[in-house]
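In each ligand, atom 1 is the first atom listed, and ligand 1 is the first ligand listed. Just so you know, these numbers use all the heavy atoms, side chains as well, and skip hydrogens, waters and symmetry mates.
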Amino acid sequence: MEKYDRSQRYLKELDDGQHEIALSTDDLHVSYGTKEAIHGVSLAFERFKITALIGASGSGKSTYLRSLNRMNDNIFGTKVTGKIMYRGLDVNSNDIDVYEMRKHIGMVFQQPNPFAKSIYDNITFAPKRHGERRKAALDEMVETTLKQAGLWEQVKDDLHQSALALSGGQQQRLCIARAIAMQPDILLLDEPASVLDPISTATVEDTLLQLKEHYTIIIVTHNMQQAGRISDYTAFFHLGDALEYDETRKIFTRPKIKATEDYVSGHFG
Ligand SMILES: Nc1ncnc2c1ncn2[C@@H]1O[C@H](COP(=O)(O)OP(=O)(O)O)[C@@H](O)[C@H]1O
Ligand SMILES: [Mg+2]
């Protein structure tokens, strides 16, 4: 199939020694019951870059993203086949410790979902469960992650207040801080700014641009301007396939496939 060959070729182009691959999928299929939602997607994600997944609603972006750290395991009746390669391991194999793997491949959801706990406890919750007990280390983690998420100045005097008292944009940045507290390699974000106002969106975008120095970021967005502003690479999803994958500027200026062009130009009017 044409689509499949092209993705494979791109995977090889990226894997030429110049570009370090952080994560890749090979012929990934995802079904809900008898209905296949992802039809064999092969993509490779470059380390310390931002890759945007774009496409119409229902094209499979969230399904694909969720499979990358096995969040689909939680949805009854879901079947995922194909390889998800991370540091020489197949994330999709049975003998992966999913709990451990998610320390390396973290996720931020569309709706900010802080725990009903203090700001401090939101960030330290998972690290404590993983055994970190030293107060100095936890304090430092809170400060560092809040700084990286662009929230420190606003909340440094309220660390023991409830996270639920924060605005939506602040909650989302707290969720980003919480995700990076585990120091993942890879951060998956599913439309993290879609429920935020334009100013909070801009702050979250700035945060992501800062974070790519340390993290590989894969972000689903239906906002084309956002993809253009922050991503290095863009994959265009259409009816459960990744039809086109390239540098973002090429996708936006010289797409090779008609469906991509229609989607991209439709949104720019
Ligand atoms: N939990 C689910 N159960 C059954 N079908 C689902 C589920 N989640 C998504 N789908 C279906 O999978 C397809 C892709 O959906 P999704 O991944 O949410 O697309 P997108 O994120 O691009 O909007 C759609 O046809 C959707 O109806
Ligand atoms: Mg979605």
Side-chain angles (χ1 to χ4, degrees), residues 1 3-4 7 23-43 45 50-84 91-92 98 102 105-113 168 171-172 175-176 179 186-196 200-201 204-205 208 217-228 230-231 233-246 248 251-252 255 257-268:
M1 232 158 63
K3 168 241 0 163
Y4 184 65
S7 305
L23 184 75
S24 65
T25 66
D26 185 11
D27 199 22
L28 196 79
H29 293 254
V30 184
S31 306
Y32 297 107
T34 56
K35 190 183 156 220
E36 191 175 84
I38 293 291
H39 312 301
V41 169
S42 304
L43 294 172
F45 301 100
I50 299 181
T51 301
L53 311 182
I54 66 167
S57 180
S59 58
K61 306 178 298 294
S62 297
T63 299
Y64 178 77
L65 189 81
R66 278 199 303 268
S67 67
L68 298 178
N69 74 344
R70 301 266 300 260
M71 285 292 171
N72 286 324
D73 285 13
N74 305 342
I75 302 175
F76 182 76
T78 310
K79 187 167 159 240
V80 181
T81 65
K83 286 201 175 100
I84 303 168
V91 167
N92 198 33
V98 172
R102 287 191 189 138
I105 310 177
M107 190 163 221
V108 174
F109 298 89
Q110 183 167 5
Q111 286 285 344
N113 59 347
Q171 287 187 4
Q172 195 59 304
C175 291
I176 292 172
I186 298 170
L187 204 51
L188 310 174
L189 303 108
D190 194 349
E191 305 200 22
S194 69
V195 297
L196 305 182
S200 303
T201 298
V204 169
E205 287 180 9
L208 296 178
I217 296 174
I218 305 171
I219 178 171
V220 169
T221 178
H222 66 254
N223 179 327
M224 308 273 276
Q225 286 87 345
Q226 178 168 69
I230 65 173
S231 70
Y233 296 99
T234 295
F236 171 62
F237 277 68
H238 184 66
L239 303 175
D241 277 317
L243 276 194
E244 188 161 355
Y245 181 41
D246 214 326
T248 296
I251 292 282
F252 283 104
I257 294 182
K258 177 86 169 54
T260 316
E261 192 182 344
D262 288 348
Y263 183 74
V264 172
S265 61
H267 279 68
F268 283 119

Of all the non-hydrogen atoms in the protein, which one sits nearest to atom 1 (N) of ligand 1, and at what distance?
-> I75 CG2, 3.7 Å

Could you find the nearest protein heavy atom to atom 22 (O) of ligand 1 and give me its residue, atom name and distance?
-> K61 NZ, 2.8 Å

Kindly confirm or rule out an N or O of G60 lying under 3.5 angstrom from an N or O of ligand 1.
-> yes

Protein contact to atom 20 (P) of ligand 1 [nearest heavy atom, distance to 0.1 Å] | G58 N, 3.5 Å

Considering only protein heavy atoms, which is closest to atom 10 (N) of ligand 1, and at what distance to one decimal place?
-> Y32 CE1, 3.3 Å

To which protein heavy atom is atom 26 (C) of ligand 1 closest, and what is the distance rounded to 0.1 Å?
-> K35 NZ, 4.2 Å

For the student: nearest non-hydrogen atoms of T234 and S231, plus distance = OG1-OG, 3.4 Å

Rounded to the nearest 0.5 Å, how far does CG of L188 lie from CD1 of I218?
-> 5.5 Å

Under the criterion side-chain hydrogen bond (donor to acceptor under 3.5 Å, both in side chains), which of Q111, H222, K61 is the partner of E191?
-> H222

Begin with the C-alpha distance, continue with both residues' side-chain angles, and end with the deciding distance and a verdict on side chain to side chain donor-acceptor pair (under 3.5 Å) for S194 and Q110.
-> CA-CA 7 Å; S194 69; Q110 183 167 5; 3.0 Å; yes

Could you tell me whether a side-chain N or O of Q172 sits under 3.5 Å from a main-chain N or O of S200, the two making a donor and an acceptor?
-> no

Over all atoms of both residues, closest heavy-atom pair of R66 and N72 = NE-OD1, 2.9 Å

L68 and T25: CA distance, side-chain angles, deciding distance, side chain to side chain contact (heavy atoms under 4.5 Å, CB included) verdict = CA-CA 8 Å; L68 298 178; T25 66; 3.4 Å; yes

With sequence neighbours left out, write down each residue that passes side chain to side chain contact (heavy atoms under 4.5 Å, CB included) with D190, or none if nothing qualifies.
-> S62, L65, V220

Search all heavy atoms of I257 against all heavy atoms of L243 and return the closest pair with its distance.
-> CD1-O, 3.1 Å

Do any protein N, O or S atoms sit under 2.8 Å from the Mg ion (ligand 2), and which ones are they?
-> S62 OG

Whether A56 lies under 4.0 Å from ligand 1, heavy atom = yes

Quick one: does A37 get an N or O within less than 3.5 Å of an N or O on ligand 1?
-> no

Taking atom 18 (O) of ligand 1 as the reference point, the nearest protein heavy atom with its distance = S62 CB, 3.9 Å

For H222, is the nearest heavy atom under 4.0 Å from an atom of ligand 1?
-> no

heavy-atom search around atom 16 (P) of ligand 1 in the protein gives T63 OG1, 3.6 Å

